[in-house]
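Report on one structure; see the data block that follows.
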Number of protein chains: 2
Amino acid sequence: MTVLDQARSGRIADVVKRAAHSENVDPAMLNSAIASGRATVPANRNRHIERPFAIGEGLRVKVNANIGTSPDYCKIDAELAKLKAAVESGADAVMDLSTAGDLRTIRRRIIENSPVPVGSVPIYEAASMAVREGRPVPQMAASGIFRAIENHLVDGIDFITVHCGVTRAVLDNLNEQGRVCGMVSRGGTFLAEWMDVNGRENPLYENFEDLIALAREHDAALSLGDGLRPGCIADAMDRAQVHELMVLAGRAARAREAGVQVMIEGPGHVPIHQIEAQVRLQKELCHGAPFYVLGPLVTDIAPGYDHITGAIGGAIAAMAGADFLCYVTPAEHLCLPTEEHVRTGVMASRIAAHAADIARGLPGAAQWDRSFAHLRRHRDWRGMLENCLDPALAGRLRKEGKPAEDDVCSMCGEHCVFRASVQEKSDH
Amino acid sequence: MTVLDQARSGRIADVVKRAAHSENVDPAMLNSAIASGRATVPANRNRHIERPFAIGEGLRVKVNANIGTSPDYCKIDAELAKLKAAVESGADAVMDLSTAGDLRTIRRRIIENSPVPVGSVPIYEAASMAVREGRPVPQMAASGIFRAIENHLVDGIDFITVHCGVTRAVLDNLNEQGRVCGMVSRGGTFLAEWMDVNGRENPLYENFEDLIALAREHDAALSLGDGLRPGCIADAMDRAQVHELMVLAGRAARAREAGVQVMIEGPGHVPIHQIEAQVRLQKELCHGAPFYVLGPLVTDIAPGYDHITGAIGGAIAAMAGADFLCYVTPAEHLCLPTEEHVRTGVMASRIAAHAADIARGLPGAAQWDRSFAHLRRHRDWRGMLENCLDPALAGRLRKEGKPAEDDVCSMCGEHCVFRASVQEKSDH
């Protein structure tokens with residue numbers, strides 16, 4: 001029985017209990033959200049996850065950090081260091097998006113070393129196998145895609161991105177309408193090339209039952225990927241994107257019926273005024289399935305600051321109901337992120353997630369701020385530096401901009417408002 | 001005649017023409033927005049501003065950078081370097097918030113060197129004069145406050161923050177209800193201390209007509225300061241804050257009647273779900289007066305990242321109608337910002353402002369993104385590095401994470417989606 005099967009039959013899987021415990025929600029409530037498809041606990045049955053989590057209705061907004069090699073930077077130790085940085089910075093999950101090197105070894109090492117759930121995009125491995133065998137990506141075998149998926153699940157991957165919605169009809173729609181940036185999903189593009197060259201339907205769509213069988217066997221969650229996510233704000237919410245989302249909604253319903261947990265992946269580059277509508281559309285079409293968004297980035301023009309453009313979009317999306325934020329680092333659109341970029345990206349997404357938790361009225365979320373404000377009011381610098389989001393960074397900045405007197409900061413110095421005699425009048 | 005007097009009589013002041021020209025709006029339209037108080041062009045008549053701007057209805061959202069000395073870091077050259085950094089990074093205005101050193105010399109040097117409008121908070125000088133004369137701040141002379149204001153206006157300051165809304169009734173409300181962080185406005189706190197010790201009403205409220213006379217004489221704009229802005233999200237939108245806003249609304253109406261342009265200052269620390277309501281409340285109460293917000297910061301717990309918490313809040317506020325964003329730097333709550341912090345703060349606020357311009361449908365705003373997306377689609381790296389928000393930073397990151405092949409980046413390398421054969425099908 002899968003976690004979802006158990007939830008439906010009223011049994012609470014151990015991993016669900018642990019996920020509920022980790023954020024202090026009622027396990028029975030979480031279980032019933034899982035049963036109805038409005039929450040997901042990604043947890044491959046082949047491994048023990050130290051820190052499982054749930055995403056969805058009534059839950060804290062979670063953050064994912066993408067790591068992994070690229071053809072230009074391919075060192076396993078560097079990626080393990082990024083894993084460590086991501087987890088230390090508070091990422092709830094990581095995805096191994098490696099596209100170069102010994103993919104299986106890298107994946108296994110990441111899984112071994114990760115206390116948090118690990119996701120992946122198996123089609124990268126199928127493409128990489130084709131290239132290694134001397135064939136261009138579009139000539140990868142359809143069976144290779146499923147073989148890669150099986151490898152990932154056997155190794156213990158907890159959620160896999162599968163671009164089941166990149167169908168011929170969706171691509172026809174894309175090509176008929178046109179776009180500024182076409183397709184920007186790597187996995188989606190690999191599939192589209194394969195479909196184009198081979199004149200066939202997307203095997204992940206056509207053979208969806210095989211995918212379900214594999215996911216059931218290992219009890220992994222399907223992260224239904226958005227191959228048609230907009231790659232610039234001009235392309236957001238066009239026919240191709242909405243058409244794909246409708247296809248994914250159908251696949252999500254079928255997966256849940258078969259006892260497989262899902263989440264839906266979302267954009268991408270989205271102007272602020274569209275974000276709420278995009279989230280509501282996903283939630284309605286997909287009957288409340290958890291929504292996992294990348295950013296969204298609210299403008300295209302700020303490479304070097306996409307952790308900020310993504311934090312703006314992520315906060316607004318999460319307030320509107322998105323459940324899981326994929327971080328974006330300052331390196332996005334420029335290079336493979338470094339360990340430092342990973343830290344910054346996680347922190348920016350955590351700010352977005354936490355701000356949205358407060359806005360959504362998540363029990364306890366605003367309490368952190370309230371206790372922190374109390375420390376600030378009483379100039380308890382030790383308390384502030386211990387209890388803030390990033391003690392290391394805050395401590396460094398304070399040290400670099402040292403004040404003459406220890407109980408204030410160097411912006412106001414002796415004029416610190418919290419020293420003023422009138423303050424006490426409003427302290428109750 | 002002031003700029004506002006002229007607008008009412010149907011004459012378009014030269015500075016209004018230049019402000020309209022700078023963002024390609026119809027001068028007559030801008031003039032009528034000024035006449036009705038829904039736009040403001042801060043421009044002291046005693047100086048020529050190289051790059052005047054307008055804030056308000058139908059206009060690009062603008063960004064202000066605070067600079068200035070503090071008791072701990074008091075070097076005029078450092079502040080002039082920050083001025084340069086702010087302007088180079090694209091700040092539309094700066095405020096000199098110096099609280100240490102020879103305030104008049106610093107102010108004059110900043111004005112001399114600033115191509116953009118300069119704002120200030122004159123009460124800091126009144127407080128500083130008292131301290132220099134050996135008296136505690138609460139014993140500064142009321143006449144000293146007005147003398148400081150006059151000095152600032154004579155020197156050419158374009159907009160002055162005046163905390164006219166910190167009245168005894170507002171403070172009674174504050175103290176009756178209580179707060180976690182009391183008052184966090186330095187200027188507001190100076191006044192509250194003075195009122196408390198002297199048992200008198202706020203002179204900026206009581207003698208508002210004197211203030212108007214000074215503002216008229218030099219044709220400077222009044223930036224009606226929010227001494228009661230919340231200093232933590234737990235304090236947001238409480239009776240004290242709303243009461244003060246109502247007082248400011250009355251003062252704004254009176255100033256406009258007298259031919260003096262105004263803007264209203266806003267918070268501060270505000271949870272996301274309150275931001276739109278805060279902006280609408282201000283716009284309704286103040287009859288569309290331009291709204292100048294500080295952040296707002298959507299969570300209290302992230303010192304070191306307050307440029308990000310502020311960019312999230314600023315984008316949402318500006319989308320809801322805020323017109324002018326005061327930047328927040330990574331140093332906020334920790335130390336006086338460095339030149340590098342100034343750059344980062346301006347960039348973060350510009351992202352928020354630009355994302356909001358797009359969301360508000362400002363003519364031409366999304367065009368930057370569209371042309372940039374076109375460069376990205378065609379892997380025109382030179383074009384991207386020249387036309388992005390921060391060419392220096394983007395260029396540095398790309399260099400540090402150099403790809404093996406020049407037409408891609410090191411995140412995807414050979415797998416760059418824009419190289420894929422299917423891309424061309426959606427290029428129309």
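Every chain is numbered from 1, with letters handed out A, B, ... down the list of sequences.
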Problem set entry | Options A:Ile358, A:Thr189, A:Val298, ranked by heavy-atom pairs under 4.5 Å with chain B, top entry | A:Ile358
Exercise. Would B:Gln177 and A:His428 count as a side chain to side chain contact (heavy atoms under 4.5 Å, CB included) if you check the C-alpha gap in whole Å, the side-chain angles of each, and the deciding distance to 0.1 Å?
Worked result: CA-CA 8 Å; B:Gln177 68 167 26; A:His428 287 178; 5.6 Å; no
Give the table of side-chain donor-acceptor pairs shorter than 3.5 Å for residues 385-396 of chain B, with sequence neighbours excluded, one pair per line with atom names and distance.
residue: B:Asn387; atom: ND2; partner: B:Gly383; partner atom: O; Å: 2.8
residue: B:Asp390; atom: OD1; partner: B:Ala392; partner atom: N; Å: 3.4
residue: B:Asp390; atom: OD1; partner: B:Leu393; partner atom: N; Å: 3.2
residue: B:Asp390; atom: OD2; partner: A:Tyr305; partner atom: OH; Å: 2.5

Exercise. Relative to chain B, which of A:Ile308, A:Val422, A:Asp300 shows the most heavy atom pairs under 4.5 Å?
Worked result: A:Asp300
Exercise. So which part of A:Ile316 gets closer than 4.5 Å to some heavy atom of chain B, the side chain, the backbone, both or neither?
Worked result: side chain
Problem set entry | Audit row: A:Asp196, B:Lys425, side chain to side chain contact (heavy atoms under 4.5 Å, CB included) steps and yes/no | CA-CA 10 Å; A:Asp196 190 47; B:Lys425 301 208 165 189; 2.8 Å; yes
Problem set entry | For chain A, the option from B:Ile312, B:Leu171, B:Thr99, B:Val408 that forms the most heavy-atom pairs under 4.5 Å | B:Ile312
Problem set entry | Criterion side chain to side chain contact (heavy atoms under 4.5 Å, CB included) on A:Cys412 and B:Arg186, from CA distance to verdict | CA-CA 8 Å; A:Cys412 301; B:Arg186 281 193 302 207; 3.3 Å; yes
Problem set entry | Gap between atom NZ of B:Lys402 and atom CG of A:Leu336 - 0.5 Å precision | 15.5 Å
Exercise. Top residue by heavy-atom pair count (under 4.5 Å) with chain A, among B:Arg377, B:Arg376, B:Gln423, B:Glu414?
Worked result: B:Arg376
Seminar exercise, completed: Given B:Leu375, B:Asp427, B:Val137, B:Ile351, the one with more heavy-atom pairs under 4.5 angstrom with chain A than any other is B:Ile351
Seminar exercise, completed: Under 4.5 Å to a heavy atom of chain B? For A:Met319 that would be side chain
Exercise. Considering only heavy atoms, which portion of A:Glu193 lies under 4.5 Å from any heavy atom of chain B: side chain, backbone, both, or neither?
Worked result: both
Exercise. Most heavy-atom pairs under 4.5 angstrom with chain A, which of B:Gly231, B:Ala404, B:Cys416?
Worked result: B:Ala404
Exercise. Using non-hydrogen atoms only, which part of A:Gln274 is less than 4.5 Å away from chain B: side chain, backbone, both, or neither?
Worked result: neither
For this session: Can you measure from OG1 (A:Thr299) to CZ (B:Arg350) and round to the nearest 0.5 angstrom?
Result: 10.5 Å
Exercise. If you count the non-hydrogen atoms of other residues, nucleotides and ligands that lie under 6.0 Å from NE2 in B:His273, is the total more than 12?
Worked result: yes
Exercise. Taking B:Gly68, B:Pro303, B:Pro330, B:Ser371 one by one, which has the highest count of heavy-atom pairs under 4.5 Å against chain A?
Worked result: B:Pro303
Seminar exercise, completed: Heavy-atom nearest pair, B:Tyr73 first then A:Gly401, reads OH-C, 3.3 Å
Problem set entry | Close aromatic pair by centroid cut-off 6.0 Å: B:His415 and A:Phe190 | yes
Exercise. For the atom pair CG (B:Leu397) and NE2 (A:His333), what is the distance rounded to the nearest 0.5 Å?
Worked result: 13.0 Å
Problem set entry | A:Ser185 versus chain B, the contacting section by heavy-atom distance below 4.5 Å | backbone
Problem set entry | Residue pair A:Arg370, B:Val180: steps toward the side chain to side chain contact (heavy atoms under 4.5 Å, CB included) verdict | CA-CA 8 Å; A:Arg370 182 177 279 271; B:Val180 178; 3.5 Å; yes
Exercise. In this structure, are over 12 heavy atoms from other groups packed under 6.0 Å from A:His378 atom NE2?
Worked result: yes
Exercise. If you count heavy-atom pairs under 4.5 Å with chain B, which of A:Gly413, A:Ser70, A:Ala352 comes out on top?
Worked result: A:Ser70
For this session: Against chain B, label A:Glu424 side chain, backbone, both or neither, depending on which of its atoms sit under 4.5 Å from a heavy atom there.
Result: neither
Exercise. Picking from A:Thr338, A:Thr344, A:Ile301, which has the most non-hydrogen pairs under 4.5 angstrom with chain B?
Worked result: A:Ile301
For this session: Look at the side chain of A:Ser426 and the backbone N and O of B:Leu174, then say whether any donor-acceptor pair between them is shorter than 3.5 Å.
Result: no
For this session: Tell me, out of A:Cys232, A:Ala240, A:Ala311, A:Ala366, who's got the most heavy-atom pairs with chain B below 4.5 Å.
Result: A:Ala311
For this session: Mind checking side-chain contact (heavy atoms from CB on, under 4.5 Å) for B:Leu362 and listing every partner two or more places apart, or none if nothing turns up?
Result: B:Arg60, B:Asp357, B:Ala365
Exercise. At a heavy-atom separation under 4.5 Å, does A:Ile233 approach chain B through its side chain, its backbone, both, or neither?
Worked result: side chain
For this session: Under 4.5 Å heavy-atom distance to chain B, tell me which part of A:Pro71 shows up: side chain, backbone, both or neither.
Result: side chain
Exercise. Among B:Ala192, B:Pro403, B:Gly314, B:Gly313, which has the most heavy-atom pairs under 4.5 Å with chain A?
Worked result: B:Pro403
Problem set entry | A:Ile272 versus B:Ala359, closest heavy-atom pair with distance | CB-CB, 3.9 Å
Exercise. Just wondering, are more than 12 heavy atoms of other shown residues or ligands nearer than 6.0 Å to CZ in B:Arg379?
Worked result: yes
Seminar exercise, completed: Checked A:Cys181, A:Pro337, A:Gly361, A:Ala234 vs chain B; the most non-hydrogen pairs under 4.5 Å come from A:Cys181
